[in-house]
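Predicted model, so just to flag it, every value in this text is computed and none were measured.
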Amino acid sequence: MILSFHGAAGGVTGSCFLLTAAGRRILVDGGLYQGSREIVDENREPFGFDPESVDWLLLTHAHLDHCGRIPLLVKEGFRGEIIATAATRELARLVLVDAARLQEEDARAAERHGGRRGRPPPGPLYTTADALWSFDRFGRSSTYGERIGLADGLAVTFADAGHILGSATLVIEAHEASGTRRIVFSGDLGGIGHPILRDPTPPSHADFVVMESTYGDREHRGLADSVEELWAAIATTLTAGGNSIIPTFALERTQEILYYLRQGIERGRLPRTLPVFLDSPMAISATEIMRRHPEGYDEQARRAFATGDPFDLPGLRYTREAADSKALDRITGGAVIIAGSGMCTGGRVRYHLRNHLWREASSVIFVGFAAEGTPARQIIDGAKEVRILGEPVRVRARIHTINGFSAHADRHELIAWHAASGAPLTTFLVHGEPARGMQALAAALEARGHSVALPVRNAAFELAPGNQGG
């Protein structure tokens, strides 16, 4: 039984792990690398395995860094079955078509610039047609707690990861002549006590664990304090006469921010007439999808839906069309603009940053993780000037970083989740910055007597009974 790492190893993005067991090959996730141009260029490098040889792809959730290379896998020969929760299937369709469209737009822009420079640029990683073709590979839908037989000696159970709608932790049971092993892939784990989604379901017993470590070096600010900070940041910006720009992820984070804005209005902390623009076609569609999947909600959200729509508020306006988005340029103050992407690497938020980042009256409110090399991370780290859409823009707006909204578990929650796995032979840490979350979480787990490995890209480990993963 061999486990190899082909993404999110020694880094945060690009989730892709291959398990060879019982004569079959199971791929967990097929995500895009995101971040600096050097990181993004890694998407064009070989996978490190033959996509045609993979029997199943088990998808933990629909974030781009977990599903974004699925069309490329299919394009290069993958003909196996993709298994995911029903909500993940819907969200992945939305995410992949949007990703293909953006790549096509970027490729056209690069072609114009490249033509002037006399060198042909690469085309898109994949096209909209490639994305649509890949949907044919989606097969069975899983439900939480259901044990799905894959083949003789192989089964998988999806458990609620509490990260975004439909997100899952995978428990794979593999039986070979040498014995049976349970391998747990955490996926991205959500925090405890957040609204809308249920808390993550901890594993019971695991022989090996593949675990995210995004926030392995820190604990989040309390959620109640974070909500208060959000309301205060918006109120201060309104008083100053500026706009509040909230770069956010279309899946889950946008809906959570809408939930708290509604709460702020109901409690009188924000004006009832506050104009809120959701300037993200994907986030608008994702919100509609979330309304269709109450099976993913916690009890608090179920009660909220019983009396109304917790994602709606009096001044909310959707801007699907590009012309409507451009019209927001005329609003110089008094509004909240929510747009993607959360790391400011693409999407409409770039135009709003170009228009407002240099304005002292405006504010930019970051409510999620920003990987190294992204414009969001540069701003958060105190850059005085950043390049937006190819132009240098001075940073004069008020910058707020509120990490209590994170959809990722923090250090304390990660350690508690891992404790439920018992005494695994080896825990492999992935999805983290090596010098920060990954190293810190490794030290914490080793101090508790656990064997920890920090795999690098394309590293392979034999998972034998009693083997410590080397």
Side-chain angles (χ1 to χ4, degrees), residues 87 91 162-165 190-191 193-199 220-239 242-294 296-320 324 328 331 333-340 342 349 352 363-368 400 402-407:
L91 291 172
H163 176 60
I164 65 170
L165 184 72
H194 284 241
I196 306 174
L197 302 181
R198 291 185 293 264
D199 293 345
H220 297 319
R221 187 176 183 184
L223 187 56
D225 291 339
S226 296
V227 174
E228 288 287 342
E229 186 177 351
L230 173 68
W231 294 340
I234 293 172
T236 299
T237 307
L238 291 174
T239 301
N243 288 334
S244 295
I245 311 301
I246 306 180
T248 188
F249 299 100
L251 312 186
E252 195 275 333
R253 188 59 42 75
T254 292
Q255 294 75 34
E256 189 173 4
I257 295 302
L258 291 175
Y259 180 95
Y260 284 122
L261 291 180
R262 177 188 173 102
Q263 195 176 82
I265 291 170
E266 290 174 343
R267 295 183 183 183
R269 299 298 304 278
L270 297 172
R272 184 167 184 81
T273 56
L274 175 67
V276 177
F277 296 92
L278 181 52
D279 189 26
S280 167
M282 187 165 73
I284 294 168
S285 296
T287 304
E288 294 168 352
I289 290 172
M290 287 193 70
R291 293 186 177 109
R292 293 200 293 269
H293 287 277
Y297 300 156
D298 62 12
E299 191 56 39
Q300 181 182 3
R302 287 176 183 270
R303 289 196 301 268
F305 268 105
T307 58
D309 186 344
F311 304 141
D312 194 19
L313 45 151
L316 179 62
R317 302 167 198 181
Y318 293 147
T319 53
R320 281 191 183 273
D324 295 331
L328 298 181
I331 302 174
V336 174
I337 300 174
I338 303 171
V349 75
H352 300 305
S363 65
V364 182
I365 305 172
F366 292 101
V367 291
H400 302 269
I402 311 176
N403 72 9
F405 292 114
S406 176

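- A donor-acceptor contact shorter than 3.5 Å links the side chain of H163 to the backbone of A407.
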For this session: I would like to know whether F405 and E256 meet side-chain contact (heavy atoms from CB on, under 4.5 Å); could you show each step before the answer?
Result: CA-CA 8 Å; F405 292 114; E256 189 173 4; 4.3 Å; yes
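- Looking at R198, its side chain does come within 3.5 Å of a backbone N or O of Y297 through a donor-acceptor pair.
- Checking side-chain atoms of R302 against main-chain N and O of P294 turns up a donor-acceptor pair under 3.5 Å.
- The list of salt bridge (Lys or Arg N to Asp or Glu O under 4.0 Å) pairs with a residue in residues 279-288, not counting sequence neighbours, reads D279-R348, E288-R320.
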Considering only distance and modelled atom types, tabulate donor-acceptor pairs under 3.5 Å from the side chains of residues 268-278, sequence neighbours left out.
unit_1: R269; atom_1: NH1; unit_2: E228; atom_2: OE1; d: 2.5
unit_1: R269; atom_1: NH1; unit_2: E228; atom_2: OE2; d: 3.2
unit_1: R269; atom_1: NH2; unit_2: E228; atom_2: OE1; d: 3.2

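- Distance check, rounded to the nearest 0.5 Å: CG of L328 to CZ of R317 gives 9.5 Å.
- Across all their heavy atoms, G193 and D199 have their closest contact at N-OD1, 2.9 Å.
- Residues passing the salt bridge (charged side-chain N to carboxylate O under 4.0 Å, His left out) test with R303: none are found, sequence neighbours excluded.
- The distance from atom CD of Q255 to atom CZ of F249, rounded to the nearest 0.5 Å, is 13.0 Å.
- No side-chain heavy atom of I337 sits under 4.5 Å from any side-chain heavy atom of I246.
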Problem set entry | Test side-chain contact (heavy atoms from CB on, under 4.5 Å) applied to L223 and H194, step by step | CA-CA 8 Å; L223 187 56; H194 284 241; 4.1 Å; yes
Problem set entry | Residue pair D225, E229: steps toward the side-chain contact (heavy atoms from CB on, under 4.5 Å) verdict | CA-CA 6 Å; D225 291 339; E229 186 177 351; over 6 Å; no
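- The shortest side-chain heavy-atom distance between N243 and V336 does not fall under the 4.5 Å cut-off.
- Under the rule for a side chain to side chain donor-acceptor pair (under 3.5 Å), the partners of R292 that lie at least two apart in sequence or sit in another chain are E90.
- Side-chain contact between T254 and S280: absent, with no pair of heavy atoms (C-beta onward) separated by less than 4.5 Å.
- Note that CD1 of I402 is 6.5 Å distant from OG of S226, once rounded to the nearest 0.5 Å.
- No side-chain donor-acceptor contact under 3.5 Å links D298 to the backbone of P195.
- Contact of the T236 side chain with the T239 side chain is not registered, since no non-hydrogen atoms from C-beta on lie closer than 4.5 Å.
- Between the side chain of W231 and the main chain of I265, no donor-acceptor pair closer than 3.5 Å is present.
- In this structure, the side chain to side chain donor-acceptor pair (under 3.5 Å) partners of Y259, at least two apart in sequence or on a different chain, are Q300.
- Between T319 and I284, the closest side-chain pair of non-hydrogen atoms is not below 4.5 Å.
- Not counting sequence neighbours, the partners of D309 by the salt bridge (charged side-chain N to carboxylate O under 4.0 Å, His left out) test are R291.
- Taking each heavy atom of L165 and G296 in turn, the nearest pair found is CD1-CA, 4.0 Å.
- No side-chain heavy atom of N403 sits less than 4.5 Å from a side-chain heavy atom of V367.
- Shortest non-hydrogen contact noted between S363 and A233 is OG-O, 4.4 Å.
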For this session: Go through the steps to decide whether L261 and I338 satisfy the test side-chain contact (heavy atoms from CB on, under 4.5 Å), and finish with yes or no.
Result: CA-CA 11 Å; L261 291 180; I338 303 171; 4.1 Å; yes
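- Contact record, I196 with F311: CD1-CE2, 3.6 Å, taken as the closest heavy-atom pair.
- Contact of the H400 side chain with the V364 side chain is not registered, since no non-hydrogen atoms from C-beta on lie closer than 4.5 Å.
- With values rounded to the nearest 0.5 angstrom, I289 atom CD1 is found 10.0 Å from M282 atom CE.
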